[in-house]
Amino acid sequence: MIPDPTPLIGPTLVYLDFAGMAVFAATGALAGARLRQDLVTIAFFAAVTGVGGGTLRDLLIGAPVFWVHDWRYVAVAVAVAVTVWFVGGKGWRMTALLWLDAFGLAAYGVIGAAKAMAYGVPPLICIVMGALTACFGGVVRDLLAGQPSVLLQREVTITAALVAASTFVALRMLDLSTFGAAAIAVTLGFGLRAGALRFGWSLPAFSPGQAEGPELPS
């Protein structure tokens with residue numbers, strides 16, 4: 001019997017969870033497709049990317065690992081991989097990966113924070129869990145693909161997940177409905193990442209001059 005996650009995070013976030021999972025699985029499948037891998041490897045990329053962040057979150061907050069107890073998550077990842085395999089088309093792959101990743105960052109930032117809140121985790125750590133949920137799958141994807149991690153680019157990435165997670169936590173603490181809080185948080189997180197993709201927004205980089213100072217004794 002499939003455990004029903006609805007009482008834990010609510011119906012709105014259940015749908016968002018599956019949507020975020022599908023989106024991240026698609027980015028994993030697209031990464032595998034760019035490497036001209038076979039269907040099995042592409043499905044593996046999709047599954048690992050889709051469940052990676054949520055797995056880390058569940059282990060850290062002491063929750064049952066979600067996909068182990070609900071086969072639908074892996075089934076979604078495989079279905080997404082098969083779709084990517086048959087749709088093909090090289091020209092749009094990188095663009096699709098970036099924009100799907102943008103939505104996934106926002107959606108999973110909210111999901112991670114919401115599940116942590118359901119387990120009684122303090123608000124600040126809920127925000128951290130949201131960011132981990134949103135980002136870790138992408139880290140694993142890039143590592144498997146042998147690509148520089150998107151998190152190491154100067155464009156706004158982790159910040160978008162943090163904005164989505166912190167907005168959701170703050171609005172829920174103000175007793176806004178789950179649907180309203182999630183809608184606002186996902187919109188802000190996605191909008192920030194979309195602005196980074198469209199306009200090249202980035203946070204200031206560390207300046208070498210900041211490291212200057214008296215020499216330390218050897």
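Computed from heavy atoms alone, side chains included, the values below leave out hydrogens, waters and symmetry copies. Remember, it's a predicted structure, so these values are computed and weren't measured experimentally. Note that the numbering runs from 1 along the sequence shown for the chain.
With Phe66 as the aromatic partner, Arg57 meets the cation-pi criteria of under 6.0 angstrom to the ring centre and within 45 degrees of the ring axis.
Across all non-hydrogen atoms, the minimal contact from Leu39 to Val82 is CD1-CA, 4.2 Å. The shortest heavy-atom contact between Ala77 and Ala25 is CA-CB, 3.9 Å. The nearest pair of heavy atoms linking Val84 to Ala29 is CG2-CB, 3.8 Å. Closest non-hydrogen pair, Ala102 versus Leu197, comes out as CB-CD1, 4.2 Å. Nearest approach of Ala134 to Gly109, heavy atoms of both residues: CB-N, 3.7 Å. Considering all non-hydrogen atoms of both residues, Val169 and Cys126 come closest at CG2-CB, 4.0 Å.
Between the CG atom of Leu35 and the CD1 atom of Ile42 there is a distance of 9.0 Å, given to the nearest 0.5 Å. Distance CG/Leu171 to OG1/Thr178: 11.0 Å, rounded to 0.5 Å. Atom CZ of residue Phe45 and atom CG of residue Leu144 lie 5.0 Å apart, to the nearest 0.5 angstrom. With rounding to the nearest 0.5 Å, the separation of CE in Met129 from CG in Leu60 is 4.5 Å. Separation of atoms OG1 (Thr55) and CG (Leu132) is listed at 12.5 Å; rounding is to 0.5 Å.
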Working for side-chain contact (heavy atoms from CB on, under 4.5 Å), residues Leu30 and Arg34:
CA-CA 6 Å; Leu30 288 167; Arg34 290 181 65 209; 5.5 Å; no

I'd like to know whether Gln37 forms a side-chain contact (heavy atoms from CB on, under 4.5 Å) with Phe44, so could you lay out the CA-CA distance, the side-chain angles of the two residues, the decisive distance to 0.1 Å, and finally the verdict.
CA-CA 10 Å; Gln37 296 294 332; Phe44 177 75; over 6 Å; no

Apply side-chain contact (heavy atoms from CB on, under 4.5 Å) to residues Leu105 and Cys135 and explain how you reach the verdict.
CA-CA 7 Å; Leu105 283 170; Cys135 297; 4.0 Å; yes

Would you check, one step at a time, whether the test side-chain contact (heavy atoms from CB on, under 4.5 Å) holds for Trp201 with Leu192?
CA-CA 9 Å; Trp201 294 345; Leu192 184 59; 4.1 Å; yes

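Under the 4.5 Å side-chain criterion, counting only non-hydrogen atoms from C-beta, Thr49 is not in contact with Val140. Contact of the Leu162 side chain with the Val128 side chain is not registered, since no non-hydrogen atoms from C-beta on lie closer than 4.5 Å. Asp17 is listed as a side-chain neighbour of Tyr108, based on a closest heavy-atom distance under 4.5 Å.
Under 4.0 Å is where a charged nitrogen must lie from a carboxylate oxygen, and between Arg141 and Asp101 at least one such pair does. Remark: Asp58 engages Lys115 in a salt bridge, criterion side-chain N to carboxylate O under 4.0 Å.
Remark: the backbone N or O of Ala164 is not paired with any side-chain donor or acceptor of Thr167 at under 3.5 angstrom. Proximity of a side-chain donor or acceptor of Thr27 to a complementary backbone N or O of Phe24 within less than 3.5 Å is detected. Judged by distance alone, with hydrogens and angles left aside, the side-chain atoms of Arg72 form no donor-acceptor pair with the main-chain N or O of Val76 at under 3.5 Å.
Ring-plane geometry between Phe190 and Phe103 is classed as perpendicular, the angle between the planes exceeding 60 degrees on a 0 to 90 degree scale with a lower cut at 30.
A continuous path of hydrophobic side-chain contacts links Phe86 to Leu100 [ILVMFWY only; heavy atoms under 4.5 Å]. No continuous path of hydrophobic side-chain contacts links Phe136 to Leu143 [ILVMFWY only; heavy atoms under 4.5 Å]. Val14 is connected to Val68 through a chain of hydrophobic side-chain contacts under 4.5 Å among Ile, Leu, Val, Met, Phe, Trp and Tyr, so both are in one cluster. Put simply, Met173 and Leu13 are part of the same group of oily side chains (I, L, V, M, F, W, Y) that touch within less than 4.5 Å, one to the next. Connection of Ile111 to Val65 is established within a shared hydrophobic cluster, with ILVMFWY side chains joined at heavy-atom distances below 4.5 Å, either directly or through further cluster members.
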